Structure formats: C-alpha cells, structure tokens
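These notes are about the structure you will find just below.
All of these numbers come straight from a predicted model, not from anything done at the bench. What you see below is based on every heavy atom in this structure, not just the backbone, and it leaves out hydrogens, waters and symmetry mates.
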Amino acid sequence: MSRKLTLYVVVSILLLSSCGVKDDSNPHSNISDTSALESIVTSTQKNEIRTPSEQTIKSPETQSHEPIVTSVVSTEEKINPVFINDEHHGANWNDLTLPVYYYYTLSVTEGFAKLIEVEEYNDWLNNVVEERKKFAGKREELYVSWVDLSDYHNLYTFICEFNLSEQQIREALYEWNEFGVADMVEKYIYSEEEIEAISTKNKEEITRLFATSLAIVKGDKIYVPGWFFYNSAEDYQKADITAHDLITVLNNCRNYKFYMSEQYFWEDSYTGLYFLDLIEYKAYHYLNGDVDIIVLCGYDRDFDMPMAYEGYYWSLYESYIDFFNLNRDDDNGFNIIKNETTYSPHWVYYNKPTAYIEAGITPEELIEMLPKYEALGILTDEAWAALQGKIYAYADAG
C-alpha cells in the first residue's frame, strides 16, 4: 500500500473515531456536509437559563407519612448512563467529549508523513489504530480522560517523537495551507499564530489555540465537560478547578446546541439532563456549598433531595419522558399547569417549596399528584421518601 493511500485510510479512521467540528468562535474552522459528519455538534452562545435534572445526593431525614411502594426494576437491567447517547446526534462525536476540538486539524498530513521513513510512519499509524482498539465501545470515556496533548497520538506528539525541526514543521504547514486537500472535510487553514505555536512545539499555546470553547484550560491541560462528569472531587482538587471554572462549564453546557440545529443538547435527552445534574451535584459539594446555587445551577435547586433514580432502564423509557415532560405534552397527566405554565414531576422534585409558592401550586395539588409520581415507577425508595417528606412538610407549613 502506498504511503498516500495509507494516509487516506488512517485519516478516515481518525475522523470517524474522533471527528472535528465547526466552532463559531474560530474563523478558520470548516466542516463539510458529508453524512458522516452531519451528527457532529457545536456550540452557540445564548443567555438562557434552563431547568436541569436528577443526581446522586445523600438523603436528609424526611417527615414520614403513609408510604407508597415504588416499582422494582431488576438490577441486571440497570446501567451506568453515559451523558450523551443519541443515535441521531452522534454519541462520542462531540465537543463535550473531545479534549482537542479541532481534532482533525492536529492530524498528521502527507507533508509531515514524508519527513520520516516509510517504516517509521507505518509503525506510527499502527500505534494509532491500536490505541483506539483498546477502547472499543468506550471511546467517550477514553476521550474525556485525555487532558494533555501527550495523552494520545496527534500532530504534536508526532513532531516531538520524530524530533522535527522548526523549519520542517513550518514548511509542512505552509505547504498544507497552499496545496493541502482533505477529501472528507473542507481544508483547514492554519493561522500564523497556530503555525508559530506548532512549529515551536509550544504545548501550552497549542492547547489554548485548539481547545474547545466549552472546556476549561489550565496551562497545557484541558478539561472538557465530560471530564467533570466522569471524575471525582479529588480529581477536581488535583486539577486546581475553581468555582469560576465549574460555573463556566455548566453555563456553557446549558447554552450548548447541536451543530446546525436550534436544539439544546440536553433538551430532549434524559442523559443530557442527567449530565447537568450530576455535575451540579459534584460541583456544589466540591465547593462545600459555598456558592450561589442559582448562579451554579440556573435555578434554586434543592440540594437536600437525593438522586431521583439510579441508572437508566430502557423498559421505563416513557416514564423518563414523562418525568421530564420531554414530549412537551401539557396534558400527559403528570404535570401541574398554572397560568399556561407547565410544571413537570422533575421540576417539582428538584425545586424548593418557595418555588411552589411563587408558582401558585398548593399543597393539595401536590398531594393529589403523589400517586401519579409514584406510578412513574422510577423513583428510588430514598428519593420517594424525600419527595413525600418535602410535599407533606409544605402542607404542614401552610
């Protein structure tokens, strides 16, 4: 196989396994209309506040009233949900997971490949493929674990591994700008600032220039939203993550839309809502509660409430739809409607009694809804006790 053909094959593999996407903030970024890339997403900035979802929280003591038994789902059916898993929008292929946003712009092009021996290049390609094989079916978790350019194969590691000179790197980048063609995506044109950073092997500058606008950059490290989802408070501490960092990540996620779409990534997605809630929970407790909840979460979330349910059950898919009111059906029987505003079970679960009062929702209305919430069959025993306790306490206080 010729080097040129081999290069085409590996570029195809890289693009399909960790695609690059368009970012409105970068004038150099381009993307084609190929079907393989239509599912890829990008961000737009909107000053809108949305209501999040469920979480993992320790339950407080709650007022006990006559219990209602929730349905039981086999533990064998339970899975640990990933934060985005939508066949229409490309699980694993999004800037919430990829540490390097313009991933394909940091691929090794023909101009660089020809600077080393054919055998060396083929060995390097084989290592790239083997790297992906190790994580078959777990790409999302793989991508969010990459916080450093040295964590995976890319243009930076290539020029360092083969000790390419500054002149060689500059010539290869300029050659690409002038003659380079990528069959699967429109050609990316490197700016002078990007050429300077790459040719001088300045890892910190490369990280800053090529990082997703949704990520937190700390020197030569980059933390995408997915990293916050999968990692612990101890990991946050080691990375020196601040309250500002966490507020920024959550705000960016709420304002995030699919590529070429007006739909927010979490808007019709249980996993997207879970993603926001879990990060909010981790962030709040990581900061020891010393943060404005409304600023952190977008609303006055009740952090005394435990996680509404554990994992995701396909057999209860419609129950999740009703819990979040994702069908936007005002008359599904699970919502409270006040002055043309719809309040879903999820809203009732995570909001405080002060929000009930402001919405004009009476204790009697909430108590009447309890059997319907129970009928969803998704609340854990702990969550169910907490919800009953909150509603009955609201009634007793009224």
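Using a 4.5 Å heavy-atom cutoff, the side chains of Val348 and Tyr356 are in contact. Under the 4.5 Å side-chain criterion, counting only non-hydrogen atoms from C-beta, Trp384 is in contact with Gln388. Within the 4.5 Å cutoff, the side chain of Tyr284 has heavy atoms near those of the Val291 side chain. In this structure the side chain of Val224 never reaches within 4.5 angstrom of the side chain of Ile216, judged on heavy atoms. For the pair Ile294 and Tyr299, the minimum side-chain heavy-atom distance is 4.5 Å or more. Two residues are said to be in side-chain contact when any heavy atoms from C-beta on lie closer than 4.5 Å; Tyr223 and Lys221 meet this criterion. You'll find the side chain of Tyr156 stays beyond 4.5 Å of the side chain of Phe210, heavy atoms only.
The distance from the CG atom of Leu366 to the OH atom of Tyr343 is 11.5 Å, given to the nearest 0.5 Å. Once rounded to the nearest 0.5 Å, the distance linking CD of Glu171 with CG of Leu164 reads 11.5 Å. For the atom pair Asp304 CG and Asp302 CG, the distance stands at 5.0 Å (nearest 0.5 Å). Atoms CD1 and OG1, from Ile357 and Thr362 in turn, are 11.5 Å apart once rounded to the nearest 0.5 Å. The distance from the CG atom of Leu214 to the CG atom of Asn252 is 5.0 Å, given to the nearest 0.5 Å. Between the CD1 atom of Ile206 and the NZ atom of Lys201 there is a distance of 10.0 Å, given to the nearest 0.5 Å.
With Asn251 contributing its side chain and Ile247 its backbone, the two residues share no donor-acceptor pair below 3.5 Å. The main-chain N or O of Asn351 is found under 3.5 Å from a side-chain atom of Lys390 such that the two form a donor-acceptor pair. With Gln168 contributing its side chain and Ser165 its backbone, the two residues share a donor-acceptor pair below 3.5 Å. Side-chain atoms of Arg254 come within 3.5 Å of backbone atoms of Cys297 as a donor-acceptor pair (strictly under, hydrogens ignored). The main-chain N or O of Tyr188 is found under 3.5 Å from a side-chain atom of Trp176 such that the two form a donor-acceptor pair. The closest donor-acceptor contact from the side chain of Asp220 to the backbone of Thr207 lies at 3.5 Å or more, if one exists at all. In this structure, the side chain of Asn288 does not engage the main chain of Asp290 through any donor-acceptor pair within 3.5 Å.
Contact between Phe275 and Cys253 at its shortest, heavy atoms only, is CE2-SG, 3.4 Å. The two atoms that bring Leu155 and Val108 nearest to each other are CA-CG2, 4.1 Å, heavy atoms only. Asn335 and Pro345 get closest at one heavy-atom pair: OD1-CD, 3.6 Å. Scanning both residues, Pro225 and Ile279, for their nearest heavy atoms gives O-CD1, 3.6 Å. Nearest approach of Ser319 to Ile378, heavy atoms of both residues: CB-CG2, 3.6 Å. Closest approach of Leu209 to Glu194, counting heavy atoms only: CD1-CA, 3.9 Å.
Lys338 is linked by a salt bridge (Lys or Arg N to Asp or Glu O under 4.0 Å) to Glu365, counting only residues two or more places apart in sequence or in another chain. For Phe158, the ring-ring contact (aromatic ring centres under 6.0 Å, His included) test picks out Trp124, Phe162, with sequence neighbours left out. Qualifying ring-ring contact (aromatic ring centres under 6.0 Å, His included) partners for Tyr373, counting only residues two or more places apart in sequence or in other chains: none. With sequence neighbours excluded, the residues satisfying side-chain contact (heavy atoms from CB on, under 4.5 Å) with Ser199 are Glu166, Ile169, Arg170. With sequence neighbours excluded, the residues satisfying side-chain contact (heavy atoms from CB on, under 4.5 Å) with Ala383 are Pro306, Tyr349, Leu379, Thr380. Residues passing the salt bridge (Lys or Arg N to Asp or Glu O under 4.0 Å) test with Lys372: none are found, sequence neighbours excluded. Looking at residues two or more places apart in sequence or on another chain, you find no side-chain hydrogen bond (donor to acceptor under 3.5 Å, both in side chains) involving Glu161. In this view, Asn127 and His153 satisfy the side-chain contact (heavy atoms from CB on, under 4.5 Å) rule, not counting sequence neighbours. For Tyr320, the ring-ring contact (aromatic ring centres under 6.0 Å, His included) partners at least two apart in sequence or on another chain are Tyr270, Tyr309, Tyr312. Tyr236 is linked by a ring-ring contact (aromatic ring centres under 6.0 Å, His included) to Trp227, Phe228, Tyr286, counting only residues two or more places apart in sequence or in another chain.
Counting only N and O atoms by type, the side chains of Glu280 and Tyr350 include no donor and acceptor under 3.5 Å apart. Using modelled atom types and a 3.5 Å distance limit, the side chains of Ser232 and Lys282 yield no donor-acceptor pair. Judged purely by distance below 3.5 Å, without hydrogens or angles, the side chains of Asn325 and Asp322 never pair a donor atom with an acceptor atom. In this model, no donor atom of one side chain and acceptor atom of the other lie less than 3.5 Å apart for Glu193 and Ser191.
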Inset, instruction - Give the C-alpha distance, both sets of side-chain angles, the deciding distance and a yes or no for side chain to side chain contact (heavy atoms under 4.5 Å, CB included) between Ile361 and Trp347. - result: CA-CA 12 Å; Ile361 298 174; Trp347 185 92; 3.7 Å; yes
Legend entry - Worked verdict on Tyr174 versus Phe179 for side chain to side chain contact (heavy atoms under 4.5 Å, CB included): CA-CA 8 Å; Tyr174 282 127; Phe179 303 111; over 6 Å; no
Legend entry - Step-by-step side chain to side chain contact (heavy atoms under 4.5 Å, CB included) determination, Tyr281 to Leu276: CA-CA 9 Å; Tyr281 166 72; Leu276 285 179; over 6 Å; no
Inset, instruction - Please lay out, stage by stage, how Phe112 and Ile159 fare under the test side chain to side chain contact (heavy atoms under 4.5 Å, CB included). - result: CA-CA 8 Å; Phe112 286 96; Ile159 62 178; 3.9 Å; yes
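Figure legend: Arg301 and Phe303 shown as a cation-pi pair, the cationic atom lying under 6.0 angstrom from the six-membered ring centre and within 45 degrees of its axis.
Grouping the Ile, Leu, Val, Met, Phe, Trp and Tyr side chains by contacts below 4.5 angstrom, directly or via other members, places Ile241 with Val295. Clustering ILVMFWY residues whenever any of their side-chain heavy atoms sit less than 4.5 angstrom apart, transitively, puts Phe323 in the very cluster that holds Tyr317.
Sequence neighbours left out, the pairs with a member in residues 235-251 that pass salt bridge (Lys or Arg N to Asp or Glu O under 4.0 Å) are Lys218-Asp245. Applying the salt bridge (Lys or Arg N to Asp or Glu O under 4.0 Å) test to pairs two or more places apart or on separate chains, those with a residue in residues 344-360 are Asp300-Lys352.
More than 12 heavy atoms of other residues, nucleotides or ligands shown are found within 6.0 angstrom of CG on Asp292.
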